[in-house]
Amino acid sequence: MAGGATDPEAERLKGQGNEKLKAGSAREALEIYEKALARLPVKASAGALSTLSASLCLNAALACLQLETWEAAESFASRALRSEETSKGYFRRGLARAQMNGLEADAKRDFEFALKLEPKGSTAAVLVQTELAKLLSNSAASGYEAPPGTEPRRAKKFQIANASKQQQGLREVTFAEWEALEGKVAAANAIASAWRKRLEEASNCPRPAQGADDSRVPLSKLLEQLAKESKPRAASNASASASNDIVPVEVALGSEPASGAIRGELGALQLLVPGPFLFDGKTSVDVAFDPLANPTGSFAVECWAVCTAATGHQCLLSSRDQTSGKAGYMFYVEPDGLWSFWVGTGKSWAKLYGSTAVLGKWTHLRGTMDVQSKEARLYVDHQLAARGWASYVPNTRQALRLGAGKSEAEAKFFFTGDLRDVAVIGRLVSNEDLTDEMLKLAKVRGPQVGPDLDQLPKLLRQEKGRGLQNASGALASALRWATGVLVPANAEDFRRSSLRLMECSPTAQGMRLLFLSFSIGAVLAAQGDELHMTFGGSGLRYWAVILQSGDCFKILYDVEGVSSLQEALSRQQKLRADAWLTRKDVAMWLGALDTLAFGLSEDELEDALLTVFLFGFWASKTLTPQVRIKRFQGQSRSSQVQAALVEDVPSEALGKLLQTLTEEAQK
């Protein structure tokens, strides 16, 4: 049948259907319209057949509206609009969509299109305006429209959020739900922002220049060789963790550090406690009583500190005894925010007040006591801040408490912030830098090999390589397995471990490793030139290990189909001439991982994903993959990041460990 010709039988059926519709027999009318439409091609070219098809669809839509079969009415009206855009088509589709859950915004757009096609003031226009007003009233009442008076930009943002959900087949949210989520996002972003600022401060904290570490070169070669010799994986889901089983805490990697005090010589640098220590206003660390921490003659005590909250009296460190008088020394942050140094006179506390503590800023504090002249001094960032006179009485039996006060009793006056490089010097010093002396003492002690790292090969043998069948390579298998024994943690625990890595003392010896295992409730997959991250379910578990030597780092990870361990190392080599990343590089990567795992806004995820899984891609001079985020729902995120920091590992021991783990994994 030619496109311009009509179908007499279809025309006859249309008339018959119209009579039934007028008589109130909507169901019979619909059956007749469907019979007529069955005689016409689905895609009729412009002409009489196309016009007839559109008319039949519009009438069928009206019959469905009367029958309250909204989906069918919407379908018939949409078919009519594909043939011809009419006010009647948009109006009837709008009526149907207004009754369908989640399509209120689409109904509003249909009514607005219908108004544009009707002459202003016409009876039809008034009818459309009436239905539009009713829709807006109902939408506002149900919460799916922004309330009257909402700031236009905010209302638009709400509409865009729901439009995105509709495209992904997700449930739309009410304005109240959206506002609650926005508040949650803002609060989470504020916490994350403060943490990233602390990472930046850790990167900028003054450190002594360190020469090249000869151990880095052979270690780099070993890593590259092991990665190159990795065998292809055998299974299809290698991006998952080696095992979803979590081993008991008593055999898990990592723990909060003990005091780690290093004893020196009397009259020189007598005691050094490198840290770092991260205090949350509830915890403290005690260093057992040691005469070297409590000189009887003239002395100096110092530390690096960063205060992160103003919460009344906060004691950074306390070596005092008040059981039979006021004896010893302390550093405080006063309620008005001033740094202070206290010394005990036996009967009272002599207090020196310095400058105001800037929240989030690392500050060097030093207190000195000249027992001959009875002069006490406080230095802030190597500048004399205060001086006074007192008769000093030393503490003779209580521990040195870090992060809180009252050494002789239950801890009080907790500190919120970080502390490192606590040192007691058995002589008078003023504003000189003692870092070289600290480094010398730390090197004499050397790195301490902890049992945590030594147990890895043993644990691997006990586990009989469980989960390693998914390995894409021996070294990747071993490291992935190591991250599989981490205990569950939340965002706060991950951030604490990251700061401990970044804020380590420049006197630290040997290597440090931060093991990470993370599940972000999504699966990452490469599809052509695109990376697709699909949220939903538990997702896969990914791993990474950050290796630190002084101020130099490597980030080790392996993601099937996206980046092998060898490719990750290669990108880092292109990014930095010596193949070792900087502290700021690692701060960027950790910040991106935090966003990827705990971010509640979809807008942030694309850059975070590329930074975490393809770090350094911008230096490889290749096209940046297109990222597709699917089915993301910020309000229901349940990510986990497990982290463990293993410290003071000799480079030779680390090399041996990597070889051993690789051999075990190959078995």
Side-chain angles (χ1 to χ4, degrees), residues 1-139 166:
M1 187 179 294
T6 187
D7 185 320
E9 179 60 16
E11 290 280 9
R12 187 189 69 78
L13 289 170
K14 173 188 171 185
Q16 185 180 342
N18 290 348
E19 291 298 325
K20 291 290 185 182
L21 196 59
K22 289 176 183 177
S25 301
R27 190 170 302 282
E28 291 181 55
L30 178 59
E31 291 174 357
I32 294 170
Y33 292 141
E34 289 176 331
K35 189 182 295 184
L37 283 167
R39 296 182 55 83
L40 305 179
V42 176
K43 294 183 179 180
S45 57
L49 281 181
S50 176
T51 302
L52 176 59
S53 176
S55 179
L56 284 166
C57 286
L58 285 173
N59 292 350
L62 181 57
C64 290
L65 288 171
Q66 293 181 11
L67 293 169
E68 297 186 359
T69 53
W70 314 119
E71 289 81 2
E74 195 264 353
S75 178
F76 278 121
S78 296
R79 182 174 169 183
L81 287 168
R82 285 194 291 272
S83 298
E84 183 181 0
E85 289 194 15
T86 63
S87 171
K88 190 179 291 185
Y90 281 117
F91 178 61
R92 290 182 183 174
R93 190 171 71 176
L95 289 172
R97 287 178 167 178
Q99 302 299 324
M100 298 169 68
N101 186 35
L103 294 185
E104 293 87 351
D106 293 314
K108 177 174 176 286
R109 284 193 291 272
D110 281 342
F111 288 147
E112 289 170 346
F113 277 125
L115 279 175
K116 290 179 181 179
L117 297 173
E118 287 289 350
K120 289 185 178 180
S122 66
T123 303
V126 172
L127 180 61
V128 175
Q129 286 175 331
T130 301
E131 291 297 330
L132 177 58
K134 188 189 300 182
L135 172 70
L136 294 177
S137 175
N138 291 338
S139 295
Q166 185 183 340

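All heavy atoms count here, side chains included; hydrogens, waters and symmetry mates do not.
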Interatomic distance, CZ@Arg39 vs CD@Glu11, rounded to 0.5 Å, equals 11.5 Å
Quick check: closest heavy atoms across Gly94 and Ala107, and the distance to 0.1 Å?
O-CB, 3.5 Å
Which distance, rounded to the nearest 0.5 Å, do you find between the OG1 of Thr130 and the CG of Leu135?
12.5 Å
If you look at every heavy atom in Gly89 and Ala77, which pair is closest and at what distance?
O-CB, 3.9 Å
Which distance, rounded to the nearest 0.5 Å, do you find between the OG of Ser53 and the NZ of Lys14?
11.0 Å
Go through the structure and list residues passing side chain to side chain donor-acceptor pair (under 3.5 Å) with Arg109, not counting sequence neighbours.
Asp106
Which of these passes side-chain hydrogen bond (donor to acceptor under 3.5 Å, both in side chains) with Glu74: Arg93, Gln99, Arg97?
Arg97
Extract all donor-acceptor atom pairs below 3.5 Å that involve side chains of residues 111-120 and protein atoms in other chains or at least two apart in sequence.
| from | atom 1 | to | atom 2 | distance (Å) |
| --- | --- | --- | --- | --- |
| Glu112 | OE2 | Lys108 | NZ | 2.8 |
| Glu118 | OE2 | Ser87 | OG | 2.8 |

Please find the pair of heavy atoms, one from Ala26 and one from Leu21, that lie closest to each other, and give the distance.
CA-CD1, 4.1 Å
Acceptor/donor pairs from residues 57-70 side chains to any protein atom, 3.5 angstrom cut, sequence neighbours excluded:
| from | atom 1 | to | atom 2 | distance (Å) |
| --- | --- | --- | --- | --- |
| Asn59 | ND2 | Asn18 | OD1 | 3.0 |
| Thr69 | OG1 | Cys64 | O | 3.4 |

What pair of heavy atoms forms the shortest contact from Ile32 to Leu13, and how long is it?
CG2-O, 3.0 Å
Between atom CZ of Arg79 and atom CG of Leu37, what is the distance when rounded to the nearest 0.5 Å?
5.0 Å
Got a second to check how far Gln129's CD is from Glu131's CD, nearest 0.5 Å?
11.5 Å
CD/Gln16 to CD/Glu31 distance, rounded to the nearest 0.5 angstrom?
11.0 Å
